[in-house]
Amino acid sequence: MSTRIRLQRHGKKGKPFFHIVVADSRSKRDGRFIEKLGTYNPNTNPATIDLDFDRSVNWVTKGVELSDTARAILSYKGVLMKEHLMRGVAKGALTEEQMEAKFSKWLEDKGGRIQGKVDRLAKSKSDSEKARLASEKEKNEARAAALAAAAQPEIEEAPEATDETSEASAEATAVQETPVAEAQEEAVAETEVKDEAETEAPVAEETAPEAEASSDETSEKTRTKKANTSNELV
């Protein structure tokens with residue numbers, strides 16, 4: 001029977017969560033297992049790994065098989081590095097103190113790289129947030145400028161409307177003043193006609209006595225003629 005360290009899938013669709021287990025290589029992926037060594041959550045950045053380090057080193061030194069993902073996880077946590085140094089101690093190439101010193105240095109370097117990645121991710125997130133806020137600010141300013149530009153023609157059109165109204169008022173005043181002017185002209189014309197009639201009236205009055213005088217002369221001649229006729233008859 002071959003023993004294998006592998007991942008056992010849990011979680012929900014789109015958000016997987018894995019258990020790191022030691023199981024028989026012939027069992028199903030999510031079936032029975034011998035021992036649970038830890039958990040692996042790939043939904044975070046960097047991924048969250050909770051591992052029983054000593055038990056993992058123990059299984060690796062026994063020659064257990066590793067799946068590709070399990071190998072990457074154990075290497076990331078230093079299990080394979082510790083197993084490599086322990087083999088050097090077993091061969092006499094290193095002492096226990098040297099092994100611990102090298103492993104501590106390796107852990108320190110690894111922790112620095114992990115922290116650097118965390119810091120870069122945080123900075124990238126902060127820069128992205130600043131860029132988003134700056135973009136939103138530019139959009140808001142552009143929208144405000146567009147609204148101001150749209151409102152400006154209305155303000156400029158108001159005086160034009162006033163000019164049109166004044167022109168209309170002037171035309172209405174002119175229309176109203178035209179009959180008044182015509183009435184004034186008619187009144188002046190009537191006054192002139194009256195003046196002419198008054199001027200002609202004395203002439204008519206002066207002519208009337210002459211007509212009366214002519215009629216008196218005619219009557220006198222008629223009486224004279226009648227008298228003469230009567231004398232002739234006598």
In this structure, would [X] and [Y] fall into the same cluster of hydrophobic residues linked by side-chain contacts under 4.5 Å?
X	Y	result
Phe33	Leu37	no
Leu51	Ile5	yes
Val21	Phe53	no

From [atom1] ([X]) to [atom2] ([Y]), nearest 0.5 Å:
X	Y	atom1	atom2	value
Asp50	Tyr40	CG	OH	14.0 Å
Asn45	Leu121	CG	CG	4.5 Å
Ile34	Asp24	CD1	CG	6.0 Å
Thr3	Arg26	OG1	CZ	9.5 Å
Phe17	Thr48	CZ	OG1	8.5 Å
Leu94	Lys102	CG	NZ	5.0 Å

Any side-chain heavy-atom pair from [X] and [Y] closer than 4.5 angstrom?
X	Y	result
Gln8	Ser27	no
Glu100	Lys82	yes
Ile73	Leu7	yes

> Considering all heavy atoms of both residues, which atom of Pro16 and which atom of Pro42 are nearest to each other, and what is their separation?
Replying inline: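 Closest approach of Pro16 to Pro42: O-CD, 3.6 Å.
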> Where is the tightest heavy-atom contact between Ser75 and Leu80, given as atom of each residue plus distance?
Replying inline: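 The pair with the smallest heavy-atom distance is CB-CD1, 3.7 Å.
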>> Once salt bridge (Lys or Arg N to Asp or Glu O under 4.0 Å) is applied, what residue pairs with a partner in residues 110-126 remain, sequence neighbours excluded?
In response: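 For residues 110-126, and leaving out neighbouring residues, the salt bridge (Lys or Arg N to Asp or Glu O under 4.0 Å) pairs sorted by first residue read Lys123-Asp127.
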>> Filter on salt bridge (Lys or Arg N to Asp or Glu O under 4.0 Å), then keep only pairs touching residues 64-75, sequence neighbours left out; what's left?
In response: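 Sorted result for residues 64-75: Arg4-Glu65.
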> With His84, which residues qualify under ring-ring contact (aromatic ring centres under 6.0 Å, His included), at least two apart?
Replying inline: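 Listed in chain order: nothing, the list is empty.
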> Taking the six-membered ring for Trp, are Phe103 and Trp106 parallel (under 30°), tilted (30 to 60°) or perpendicular (over 60°)?
Replying inline: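 Rings of Phe103 and Trp106: parallel, under 30°.
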>> Quick one: does any side-chain atom of Ser56 pair with a main-chain N or O of Asp52 as donor and acceptor, under 3.5 Å?
In response: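 Yes.
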>> Main chain of Asn58, side chain of Thr61: is a donor-acceptor contact present, judged purely on distance under 3.5 Å?
In response: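 Yes; judged by distance alone, with no hydrogens or angles, the pair exists.
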> If you count the non-hydrogen atoms of other residues, nucleotides and ligands that lie under 6.0 Å from CD in Glu108, is the total more than 12?
Replying inline: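 No - once you tally the heavy atoms of other residues, nucleotides and ligands closer than 6.0 Å, there are 12 at most.
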> Should we say atom NZ of Lys62 is surrounded by more than 12 heavy atoms from elsewhere, each under 6.0 Å from it?
Replying inline: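 Atom NZ in Lys62 is packed in, count exceeds 12.
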> With the threshold set at 4.0 Å, does a side-chain nitrogen-carboxylate oxygen contact exist between Lys139 and Glu136?
Replying inline: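 Between Glu136 and Lys139 there is no salt bridge, as every charged N stays at least 4.0 Å from the carboxylate O atoms.
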> Can you list the steps and then say if Trp59 with Glu35 is a side-chain contact (heavy atoms from CB on, under 4.5 Å)?
Replying inline: CA-CA 10 Å; Trp59 279 103; Glu35 184 179 353; 2.8 Å; yes
